[in-house]
Amino acid sequence: MSLLTVEHLTQQFGGLKAVDDVSLHVEPGELVALIGPNGAGKTTLFNMLTGVNRPTSGQITFTTDKGDVAIGKQRADQVAALGMSRTFQNIRLFSDLNVLDNIKIAMTHRTHENFFETELRLPSFYKKEGNIDAEARELLADFDLNTYARSKAGALPYGLQRRVEIVRALATKPRLLFLDEPAAGMNPEETAELTALIRRIRNDYGTAVILIEHDMSLVMNLAQRIYVLDHGSLIANGTPAEIQSNKAVVAAYLGGDADAEG
Ligand SMILES: Nc1ncnc2c1ncn2[C@@H]1O[C@H](COP(=O)(O)OP(=O)(O)OP(=O)(O)O)[C@@H](O)[C@H]1O
């Protein structure tokens with residue numbers, strides 16, 4: 001049973017089919033990359049899968065503990081509560097808060113704080129607060145971020161901010177993590193650290209990851225399977241070795257005739 005099943009998904013903006021009849025699947029614990037030239041429809045596809053945009057047509061099915069759920073009519077926060085978590089192309093940390101509080105906010109969301117407990121400061125509030133604090137510190141330590149717990153998120157170097165953002169996405173205990181261009185703007189050293197981080201998320205936490213990325217060495221190093229989008233349509237799906245030797249993919253990237261069969 002796939003973790004995520006996407007069938008015939010289409011997003012139309014006026015006369016433009018930004019995503020055109022896309023079908024794909026992600027297995028539990030799998031590391032999948034979504035690649036394609038600029039404007040291919042990658043972010044638009046992510047936006048539909050994570051509840052940011054409503055699809056024009058097609059089905060998205062996500063397998064949760066409580067069975068299969070059709071994605072498409074929920075708000076983004078409801079999709080997150082089902083077990084999907086996401087980072088964006090532009091870092092969206094609370095830049096004025098410290099790193100620890102950024103992680104704790106994500107965890108608080110997960111535990112569905114009870115209004116009365118919180119407002120009346122009932123004993124159960126302090127117990128939960130203590131648990132969240134300990135759990136957040138543990139997560140930071142696990143990813144070598146504990147020395148930055150009290151640092152203002154917005155003041156950290158770019159690579160570290162990305163790291164915090166990814167760890168924060170993990171704080172909601174997702175079954176599937178969406179990363180939108182995690183290596184954008186990183187130097188080679190930061191990219192190497194990022195590669196190790198993503199691999200650890202998959203290996204140690206068993207979280208499935210689907211990532212959009214333009215850095216081909218990162219993609220070829222990390223992904224078990226790759227989907228290639230071009231002009232809204234999927235033109236290939238395969239292992240890194242298969243994708244590298246696929247003529248349609250090469251043609252799409254070089255801007256030539258993409259009809260060649262791979
Ligand atoms: N809200 C929108 N309204 C109209 N057109 C849109 C909208 N969002 C995206 N598009 C168009 O849809 C197409 C796909 O864009 P999208 O951002 O999904 O591509 P992408 O593959 O993520 O590109 P990049 O790699 O540059 O981030 C583009 O032609 C874009 O201009």
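For clarity, every value in this text was computed on a predicted model and none was experimentally measured. We count ligands from 1, going down the list as the structure has it; atoms in each ligand are counted the same way.
Arg163 forms no cation-pi arrangement with Phe143, by the criterion of a distance under 6.0 Å to the ring centre and an angle within 45° of the ring axis.
Under the 4.0 angstrom criterion for non-hydrogen atoms, Gln11 is not in contact with ligand 1. Within the 4.0 Å heavy-atom cutoff, Gly36 does not count among the residues contacting ligand 1.
Residue, atom and distance of the protein heavy atom nearest to atom 11 (C) of ligand 1 are Leu16 CD2, 3.6 Å. Of all protein heavy atoms, the one closest to atom 5 (N) of ligand 1 is Phe13 CD1, 3.4 Å. The protein heavy atom nearest to atom 19 (O) of ligand 1 is Gly41 N, 3.2 Å. Thr43 CB, 4.0 Å is the protein heavy atom nearest to atom 17 (O) of ligand 1.
The contact set between ligand 1 and Thr44, taken as ligand atoms under 4.0 Å from a residue heavy atom, comprises 9 (C), 14 (C), 15 (O), 16 (P), 18 (O). Atom numbering of ligand 1 starts at 1 in the shown order; those under 4.0 Å from a heavy atom of Ala18 are 12 (O), 13 (C). Which parts of ligand 1 touch His214 is read off a 4.0 Å heavy-atom cut-off, strictly below it: atoms 25 (O). Near Glu181, meaning under 4.0 Å from one of its heavy atoms, ligand 1 places the atoms 25 (O), 27 (O).
Within the set Ala184, Pro37, Gly39, Gly14, the minimum heavy-atom distance to atom 14 (C) of ligand 1 is found for Gly39.
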| query | Does the pair Thr44 and Asn53 meet the rule for a side chain to side chain donor-acceptor pair (under 3.5 Å), with working shown? | reply | CA-CA 8 Å; Thr44 303; Asn53 286 359; 5.6 Å; no
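Listed by first then second residue, pairs satisfying salt bridge (charged side-chain N to carboxylate O under 4.0 Å, His left out) with a partner in residues 24-33 read Glu30-Arg225, not counting sequence neighbours.
Polar contact with ligand 1: present for Ala40 (N/O pair, distance under 3.5 Å).
Looking at Ile35 and Glu213, their side chains never come closer than 4.5 Å, going by heavy atoms from C-beta outward.
Neither the backbone nor the side chain of Leu229 has any atom closer than 4.0 Å to an atom of ligand 1 (non-hydrogen atoms only).
Here CG of Leu194 is found 10.5 Å from CZ of Arg199. Values are rounded to the nearest 0.5 Å. Between the CG atom in Leu34 and the CD atom in Glu181 there is a gap of 10.5 Å [rounded to 0.5 Å]. Atom OG in Ser23 sits 8.0 Å away from atom CG in Leu9 (nearest 0.5 Å). Once rounded to the nearest 0.5 Å, the distance linking OG1 of Thr172 with CD1 of Ile105 reads 13.5 Å.
Take Tyr227 and apply the ring-ring contact (aromatic ring centres under 6.0 Å, His included) test, not counting sequence neighbours, and it matches no residue.
For atom 26 (O) of ligand 1, a protein heavy-atom neighbour is found at a distance under 4.0 Å. The protein reaches atom 2 (C) of ligand 1 closely, with a heavy atom under 4.0 angstrom from it.
Closest heavy-atom contact between Val79 and Leu49: CG1-O, 4.1 Å.
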